[in-house]
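Read through the structure below, which is laid out as structure tokens, and then see the notes.
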Protein chains: 2
Amino acid sequence: MKVLAGGGAAVSGPVLRKLQGFGRLEEADTAALALVEAGTRLVPAGTDLIREGDRPEGMIAVTEGFACRYKLRENGARQIMAYLVPGDVCDLDNGALNRMDHTVGTLSTCRVARIMPETARELRQHPALARGLRKAALIDEATLREWLMNIGRRSAVERLAHLFCELLVRLRAVGLTSGNSYELPITQLDLADTTGMTSVHVNRSLGELKREGLIERKSKRLTLCDPARLAEVAEFRPDYLHREEPFSA
Amino acid sequence: MKVLAGGGAAVSGPVLRKLQGFGRLEEADTAALALVEAGTRLVPAGTDLIREGDRPEGMIAVTEGFACRYKLRENGARQIMAYLVPGDVCDLDNGALNRMDHTVGTLSTCRVARIMPETARELRQHPALARGLRKAALIDEATLREWLMNIGRRSAVERLAHLFCELLVRLRAVGLTSGNSYELPITQLDLADTTGMTSVHVNRSLGELKREGLIERKSKRLTLCDPARLAEVAEFRPDYLHREEPFSA
DNA sequence: CGTCACTTTGAATAAAATCAAGAGTCGTGG
DNA sequence: CCACGACTCTTGATTTTATTCAAAGTGACG
């Protein structure tokens, strides 16, 4: 339960960067966001930020690391429903719904801003921010559908390939890629719980992708050696992410 | 491409009934809804109502039959992402997003209301309706997450059991159950594309549920012979549907 | 009464889970 | 600096689950 004061200059906040990708922001908008991103805390891996059954309020923004939405079965099996990567905001103003149907927790060490309900309301006063947050939420929902397709109708190798392509697009949008590689600070077990497989099977499927020369992984950095071919394998069409940049660099 | 004029008295519209389940409606609200439900058309099974890539606008309401959201792979594989049962409304006012990322189509013959953008805007003028629609949308999203859990982390038999439990709750909310049975006007192939399996495997799994005495199916009517035990098998917790009625009748 | 779509069944195959053990990694504390 | 312990990753052998392929059987409906 490390809790460090969020010091240092907010490094051109990823949330800001992401929302700017949806449309021009005014000075006042960026100022409000900067304020939010200044108030972050470092959270260790494996920490729940809000739990199933809790009453949701405010928002949670991730500025570093990977967090996720997940549910557990009684036997301990976990299904991850979404990744929250830097720039992603989890809007807990669910208005009508007063209970979380899932848990949000960190997969890696994360830098996180917990946004109080009043602050969240203030943010939504800014039309451009409100629009951006709404668009982000709609994209999250489209992503959820894509994940359902992924698990329901793609093979193990395809599932991983698709996930890696998606992450390249999402992380590039917040400037966290270098070429076709990015930090993927999660374990194979996490990947398994994301794609509905076993960690053993993930391991073998990763091996296959490596053998095919499609990816490389050293330490926690993932490189897509041939994004075009990887996208083809996964049948990846990035439209649902609503980013105008072309897929492969 | 049968298109019949939507005659006859709107039979206490399922949309109305569903939204009433979320909170009291004023006279004016119900009147507006009644108007909508009067303008329905009969649509044959297998008809796309709006396609992936189309520009979404207005709303689509289903008052009879089963429709669904789905996507296709290049090889023809289909993944169904959601069911639209009577009372369900598909809000296409996606504001920011200007392309459908999936298709909405009928699984059975359906009675459907296509709601023009202006009409949709009028409906949203009514605060109670707007709230109801918003709540419905949030529940749809929670349902999507539950489906991801279903496909990712449950066995074939469990997936079907879970789906059948969910449908009992949803259809009961609009008065379309009698006891623990309801019309399920879809094929085993549809069930397969819903649960990420093969129709052959669905057939065998259904057989297992029957043999266990958990369900019965004559013609298109499904009966949950022992809802409590079925829910236990599926680990079904109806919280995400936000209906206060207890699960088993 | 024939057709077409759907359901059911069997046999062979493929994909993924399970079980188990060993090797690598990393942070911690002596 | 090294050793320890806790994860994580890797690999093999085996079993289970699900798909594929194929062929009847059933039923609704014109």
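Reminder, nothing fancy here: chain letters follow the sequence lines and each chain counts from 1. Excluded from the calculations below are hydrogen atoms, water molecules and symmetry mates; all remaining heavy atoms, backbone and side chain alike, are included.
Projected onto DNA chain C by closest heavy-atom contact, A:Ser219 and A:Arg154 fall at different nucleotides, the more 5' of which corresponds to A:Arg154. When each of B:Val202 and A:Ile186 is assigned the nucleotide of DNA chain D with its nearest heavy atom, A:Ile186 is the one assigned upstream, toward the 5' end. Remark on DNA chain D: of its neighbouring residues A:Arg153 and A:Arg217, the 5'-side contact belongs to A:Arg217, judged by nearest-heavy-atom nucleotide.
A sub-4.0 Å separation between OP1 or OP2 of C:dA5 and a side-chain N or O of B:Gln188 is absent. In this structure, B:Lys218 does not reach the C:dT7 phosphate: none of its side-chain N or O atoms is under 4.0 Å from OP1 or OP2. Phosphate proximity of D:dG27 to B:Lys220: absent, as no side-chain N or O sits under 4.0 Å from OP1 or OP2. One finds no side-chain N or O of A:Asn203 lying less than 4.0 angstrom from the OP1 or OP2 phosphate oxygen of D:dC9.
Separating the CD1 atom of A:Ile151 from the C1' atom of D:dA18 is a distance of 16 Å, rounded to the nearest angstrom. When rounded to the nearest whole Å, the span between CG of A:Asp190 and P of D:dT8 equals 8 Å. To the nearest angstrom, C1' of D:dC9 lies 15 Å from CG of A:Leu184. A straight line from CE of B:Met197 to P of D:dT17 spans 14 Å, rounded to a whole angstrom. Residue B:Glu208 contributes atom CD, which lies 14 Å from atom P of C:dT8 at whole-angstrom precision. Put simply, CG on B:Leu160 is 13 Å from P on C:dT7, counting in whole angstrom units.
The B:Val200 side chain lies nearest to C:dT9 when the options are C:dT9, D:dC9, D:dG12. When the nucleotides C:dT18, D:dT8, C:dT9 are ranked by their closest atom to the side chain of A:Thr198, C:dT18 comes out on top. Here C:dT18 is the nucleotide among D:dC9, C:dT18, C:dA16 with the atom lying nearest to any side-chain atom of A:Arg204. Among the nucleotides D:dA18, C:dT18, C:dA16, the one closest to any side-chain atom of A:His201 is C:dA16.
Defined by atom type and a distance below 3.5 Å, a donor-acceptor pair is present between the side-chain atoms of B:Asp190 and B:Thr187. Looking only at atom types and distance, the side chain of A:Asn180 has a donor-acceptor partner in the side chain of A:Arg172 under 3.5 Å away.
The residue B:Gly196 sits close only to the backbone: its heavy atoms come under 4.0 Å of sugar-phosphate atoms, none of a base.
A:Arg41 places none of its side-chain heavy atoms less than 4.5 Å from the side chain of A:Arg114. The shortest distance between side-chain heavy atoms of B:Phe66 and B:Leu84 does not fall below 4.5 Å.
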query = Going through the distances and angles, do B:Trp147 and B:Tyr83 end up as a ring-ring contact (aromatic ring centres under 6.0 Å, His included)?
reply = CA-CA 11 Å; B:Trp147 280 31; B:Tyr83 285 164; 5.3 Å; yes

